K.L.:
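Before we start, here is the structure in question, set down as structure tokens.
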Amino acid sequence: MSSIPRRYHITTFGCQMNKADSERMAGILENMGFQFSEDPNQADLILYNTCSIRDNAEHKVYSYLGRQAKRKLQQPNLTLIVAGCVAQQEGEALLRRVPELDMVMGPQHANRLEDLLEQVFAGNQVVATEAVHIMEDITKPRRESQVTAWVNVIYGCNERCTYCIVPSVRGIEQSRTPEAIRAEMEELGRQGYKEVTLLGQNIDAYGRDLPGTTPEGRNLHTLTDLLYFVHDVPGIERIRFATSHPRYFTERLIRACQELPKVCEHFHIPFQSGDNEVLKAMARGYTHEKYRRIIDMIRHYMPDASISADAIVGFPGETEEQFENTLKLLEEISFDMLNTAAYSPRPGTPAAVWENQLSEEVKSDRLQRLNHLVSIKAAERSQRYLGRIEEVLVEEQNAKDPTQVMGRTRGNRLTFFTGDINQLKGQLVQVKITESRAFSLSGEAISVPQPALV
Ligand code: SAH
Ligand code: SF4
Ligand code: F3S
């Protein structure tokens with residue numbers, strides 16, 4: 001059919017989960033014969049993979065979409081798709097708001113893109129937002145990087161944090177089998193990838209929906225068991241995982257990270273608030289004391305591990321004193337990195353309709369104060385690397401200085417050093433750290449690996 005478009009463009013908003021979904025959808029499109037177009041205006045098929053975690057993330061989509069909907073007036077063959085979390089949240093309503101759309105598809109439908117597109121090309125306007133069992137994708141994702149890759153291990157989230165839209169847009173937890181995960185990693189190893197990040201919204205919940213228990217009644221499939229199961233995949237030199245939930249984090253997991261050489265010394269464990277009353281209102285299911293015990297346990301086994309987290313300020317009813325408890329937790333734990341956000345009411349979540357909402361001024365003032373402390377603490381944590389030799393996995397050229405390459409330490413600090421990307425891409429290089437900044441380091445290579453023998 002001559003009207004079948006041949007160039008596609010994807011813009012991705014939101015978290016790593018969405019990025020991983022986009023890579024799989026791009027793989028499906030390429031398998032169907034589409035070619036990637038960097039410029040959306042040159043593309044015949046445009047897919048926005050959207051995020052609804054906060055109000056501003058959602059608004060961005062509407063402005064992008066408005067522009068392309070106009071273009072469709074001149075180019076009726078343009079296929080417009082909204083995928084991801086806004087698609088799931090809005091469903092049919094999105095078609096009424098933007099009637100030019102050809103398809104609205106929730107995140108659980110990403111792997112079904114080819115089937116759904118066939119319906120679109122047959123002339124239908126498609127809405128795919130019903131809850132489904134997520135099928136394995138049998139095509140090859142088109143990955144951004146040739147060095148590091150994301151591998152989904154569990155989709156969805158069964159928690160009910162009172163501020164959060166994720167459970168209603170991503171559905172219930174669905175774990176992939178250890179065999180499917182390992183097979184994907186083996187393929188990555190064969191293709192030359194060096195680092196894999198295992199992904200889940202609540203990755204510690206991995207496996208609890210899979211069948212099988214040990215003779216003692218313990219679930220056979222946990223994140224810890226998964227790490228043991230995949231850690232020897234040939235070619236993969238580093239393994240990371242995110243995001244951990246304090247409620248399910250175990251000592252067994254920390255010991256596995258300590259024991260398994262490929263698992264990097266970095267933990268991402270959001271705490272959201274340093275105040276017990278706020279944590280309770282958020283329905284997080286732990287206290288700040290419990291959170292501190294987890295960090296102590298990590299530092300007991302792995303004193304140098306880097307620790308990052310997420311926090312929200314200005315949750316409904318948060319007092320100045322309660323906010324200061326968040327500052328205090330950051331001060332005392334000294335995070336290597338903290339992602340911060342001002343609370344944003346999300347449709348359909350319990351906290352959105354509470355009457356004790358705070359003003360935007362209070363929220364942005366607290367966000368600024370928190371961010372100020374975040375950089376101070378991150379800068380302090382960076383200093384411990386000065387003079388040390390760190391293993392850096394080289395990913396890219398430094399966009400600002402082509403004589404330099406950039407990569408990450410095992411603790412996940414961005415590191416720059418002088419070198420030729422053609423020689424170093426994908427190599428593990430020992431780098432002596434000579435400069436530290438809040439969120440990055442610079443250094444000098446002390447051993448440049450020989451070109452690989454073919
Ligand atoms: N599953 C992870 C994080 C999911 S969302 C966890 O449980 O921690 C990523 C981050 O977005 C959250 O950690 C939180 O800090 C932030 N976030 C989620 N909902 C939000 C909201 N309504 N307003 C502001 N920030 C929010
Ligand atoms: Fe959202 Fe809570 Fe689930 Fe994280 S654990 S995705 S914050 S509901
Ligand atoms: Fe956003 Fe959906 Fe991820 S709401 S943060 S893209 S799970």
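We count ligands from 1, going down the list as the structure has it; atoms in each ligand are counted the same way. Note that the structure is predicted; figures quoted are calculated from it, not measured.
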K.L.:
Given E184, which of R24, R143, K140 fulfils the salt bridge (Lys or Arg N to Asp or Glu O under 4.0 Å) condition?
P.N.:
R143
K.L.:
Which ligand 2 atoms does Y163 reach within 4.0 Å, using its non-hydrogen atoms?
P.N.:
7 (S)
K.L.:
Do R413 and F439 meet the cation-pi criteria used here (NZ or CZ under 6.0 Å from the six-membered ring centre, within 45° of the axis)?
P.N.:
no
K.L.:
For atom 26 (C) of ligand 1, what's the nearest protein heavy-atom neighbour? Residue, atom name and distance, please.
P.N.:
I312 CD1, 3.6 Å
K.L.:
My understanding is that we take every heavy atom of each candidate and find the minimum distance to atom 2 (Fe) of ligand 3. Doing that for C85, P107, G14, which one comes out nearest?
P.N.:
C85
K.L.:
Which residue owns the protein heavy atom closest to atom 7 (O) of ligand 1, what's the atom, and how far is it?
P.N.:
R284 NH1, 3.2 Å
K.L.:
Under 3.5 Å, N or O to N or O, is Y163 touching ligand 1 that way?
P.N.:
yes
K.L.:
Is the closest heavy-atom distance from Q16 to ligand 3 below 4.0 Å?
P.N.:
no
K.L.:
Tell me whether the centres of the aromatic rings in Y343 and Y163 are closer together than 6.0 Å.
P.N.:
no
K.L.:
Would you say the rings of Y291 and H288 are close, in the sense that their centroids are separated by under 6.0 Å?
P.N.:
no
K.L.:
Examine R67 relative to Y64 and say whether NZ or CZ is less than 6.0 Å from the centre of the six-membered ring and inside a 45° cone about the ring axis.
P.N.:
yes
K.L.:
Using a distance threshold of 2.8 Å, what protein N/O/S atoms lie below it relative to atom 2 (Fe) of ligand 2?
P.N.:
C161 SG
K.L.:
Within 45 degrees of the axis of the six-membered ring of Y286 and under 6.0 Å from its centre: does R247 put its NZ or CZ there?
P.N.:
no
